[in-house]
Amino acid sequence: MSKKYKNSPLTEAVAEFNFIPDKEWNSTVPGEFYTKIKGILPIVKQREDQIALALPTEEKPRERIQMDIVQLVQFWDERRSLLAQIGKDFLTINALKPYPTWEKFLPFIEEVFSAYCEIASPKGIKRANLRYINTIEVPQTSLAFSGNFELEMPVPKSLKFDVRFINTHMEFDLNEIDVLAQKITSVPSPDSGVKNLVLQIEVVMNRFNGLPVEKVHNWLEMNHEVITNTFESTVTDDLKKKFE
């Protein structure tokens, strides 16, 4: 988040891009990419797994989804807190904890993004998303929204059992191109005295070929503000005090 909390719950921020290619992808791209970014991301690692990307199709971008399997190469900084991952027509740029602030992360995104575009020369961006992941500790005995989030727990009022697991997902239309998605999920904690709630807020471009390459900076700035405001509106003042 832009507001600087001393004990920030933010564990990862991700900018992700699926590109419309201008030329056929080939195996030399990761090597050429490395020559441009090795000053800031000198450590190279081949991911052993593959990821499945869900992409909107040109014919019906909102209704039909095609799946594409992409193998990624990772490039890390010395502290293992910043990285870029590239694959066929795909780029993701990550900041792990400790988050460097948006004022530092945005120039990093743009430097890595520009390096990729100089090599691959994409026609445009098929899909983009900006995602912030927060991990919030709550007492082991309670997973209640009350006191933590400005949300009501979606359970019947007469149900008196303790909540064991939470998995909520809400989406909101921001404009003709972008969707705001908010997820809250409970996950195990290594500390037996607490449970973790993961609050994920992201803006997803949900329209095929909806963003020219030269408009990326404005898109990132605008939607980072949306994510920041959503976080501040979702978390209660009492919980924010624990981050100070």
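The backbone N or O of P42 lies less than 3.5 Å from a partner atom in the side chain of Y34, making a donor-acceptor pair. Between the N175 side chain and the I177 main chain, a donor and an acceptor come within less than 3.5 Å of each other. Remark: the backbone N or O of L174 is not paired with any side-chain donor or acceptor of D178 at under 3.5 angstrom. Judged purely by atom type and a 3.5 angstrom limit, D77 uses its side chain to pair as donor or acceptor with the backbone of L82. With T11 contributing its side chain and I133 its backbone, the two residues share a donor-acceptor pair below 3.5 Å.
With contacts defined as side-chain heavy-atom distances shorter than 4.5 Å, the pair K45/V73 does not qualify. With contacts defined as side-chain heavy-atom distances shorter than 4.5 Å, the pair F149/I136 qualifies. Contact check for L180 versus T230: side-chain heavy atoms found under the 4.5 Å cut-off. The side-chain heavy atoms of R127 and N206, taken from C-beta on, include a pair separated by under 4.5 Å. In this structure, the side chains of K97 and L10 stay at 4.5 Å or more apart for every pair of heavy atoms. Taking 4.5 Å as the limit, some side-chain heavy atom of Q46 sits within range of a side-chain heavy atom of Q71. Considering only heavy atoms from C-beta on, V203 stays 4.5 Å or farther from N129 through its side chain. The side-chain heavy atoms of K126 and P21, taken from C-beta on, include no pair separated by under 4.5 Å.
Taken from CD in E78 to CG in L41, the straight-line distance is 10.0 Å, to the nearest 0.5 Å. For the atom pair I201 CD1 and S233 OG, the distance stands at 9.0 Å (nearest 0.5 Å). Once rounded to the nearest 0.5 Å, the distance linking CD1 of I37 with CZ of F75 reads 5.5 Å. Note: N148 CG to E150 CD = 10.5 Å, rounded to the nearest 0.5 Å. Rounded to the nearest 0.5 Å, atoms OG1 (T234) and CG (L199) are 6.0 Å apart. The distance from atom CD1 of I125 to atom CD1 of I20, rounded to the nearest 0.5 Å, is 8.5 Å.
Aromatic rings from Y116 and F17 are positioned such that their centres are separated by 6.0 Å or more. Between H224 and Y132, the gap from one ring centroid to the other is short of 6.0 Å.
Between the side chains of N196 and T135, no donor-acceptor pair of N or O atoms lies under 3.5 Å. Under the 3.5 Å distance criterion, with hydrogens and angles disregarded, a donor-acceptor pair is assigned to the side chains of T28 and N26. Using a 3.5 Å distance cut-off with no hydrogens or angles, the side chains of E12 and N94 do pair a donor with an acceptor.
Considering every non-hydrogen atom in both P100 and A95, the closest pair reads CD-CB, 3.9 Å. Between N7 and E244 the shortest heavy-atom distance is ND2-O, 3.5 Å. Scanning all heavy atoms of the two residues, the minimum distance from A15 to L220 falls at CB-CD2, 4.5 Å. In terms of heavy atoms, A13 sits closest to Y99 at CB-CE1, 3.8 Å.
Counted within 6.0 Å of CD on E32, heavy atoms from surrounding residues, nucleotides or ligands total more than 12; the atom is thus considered enclosed. For K240, the NZ atom counts as densely surrounded, since its 6.0 Å shell holds more than 12 non-hydrogen atoms of other residues, nucleotides or ligands.
Note: the hydrophobic cluster containing F108 also contains V213 (ILVMFWY, side chain heavy atoms under 4.5 Å, direct or indirect links). In the hydrophobic clustering of ILVMFWY residues, with side-chain heavy atoms under 4.5 Å counting as a link, Y5 and V198 come out apart. No single ILVMFWY cluster, assembled from side-chain heavy atoms under 4.5 Å apart, contains both M222 and V204. One hydrophobic cluster, built from ILVMFWY side chains closer than 4.5 Å, holds both F172 and M205. Clustering ILVMFWY residues whenever any of their side-chain heavy atoms sit less than 4.5 angstrom apart, transitively, puts V14 in a cluster other than the one holding L91.
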Test side-chain contact (heavy atoms from CB on, under 4.5 Å) applied to Q74 and Q85, step by step: CA-CA 4 Å; Q74 296 181 332; Q85 302 177 90; 2.9 Å; yes
Stepwise side-chain contact (heavy atoms from CB on, under 4.5 Å) check, L72 with I86: CA-CA 5 Å; L72 301 180; I86 68 169; 6.0 Å; no
CA sep, side-chain torsions, deciding dist, call: F243, S8, side-chain contact (heavy atoms from CB on, under 4.5 Å): CA-CA 5 Å; F243 304 151; S8 172; 6.0 Å; no
Pair K36-I119, side-chain contact (heavy atoms from CB on, under 4.5 Å): steps then yes or no: CA-CA 9 Å; K36 289 186 173 294; I119 296 165; 3.9 Å; yes
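Ring geometry, W102 versus F105: the interplanar angle exceeds 60°, so the pair is classed perpendicular (tilted spans 30 to 60°).
Each of I166, N167, L197 was scored for a side-chain contact (heavy atoms from CB on, under 4.5 Å) with T185, with one residue passing: N167.
The hydrophobic cluster around W76 extends to I43, L83, L96, counting ILVMFWY residues whose side-chain heavy atoms fall within less than 4.5 Å of a member.
Within the structure, salt bridge (charged side-chain N to carboxylate O under 4.0 Å, His left out) pairs that include any residue of residues 128-138 comprise E16-R131, R131-E202 (at least two apart or interchain).
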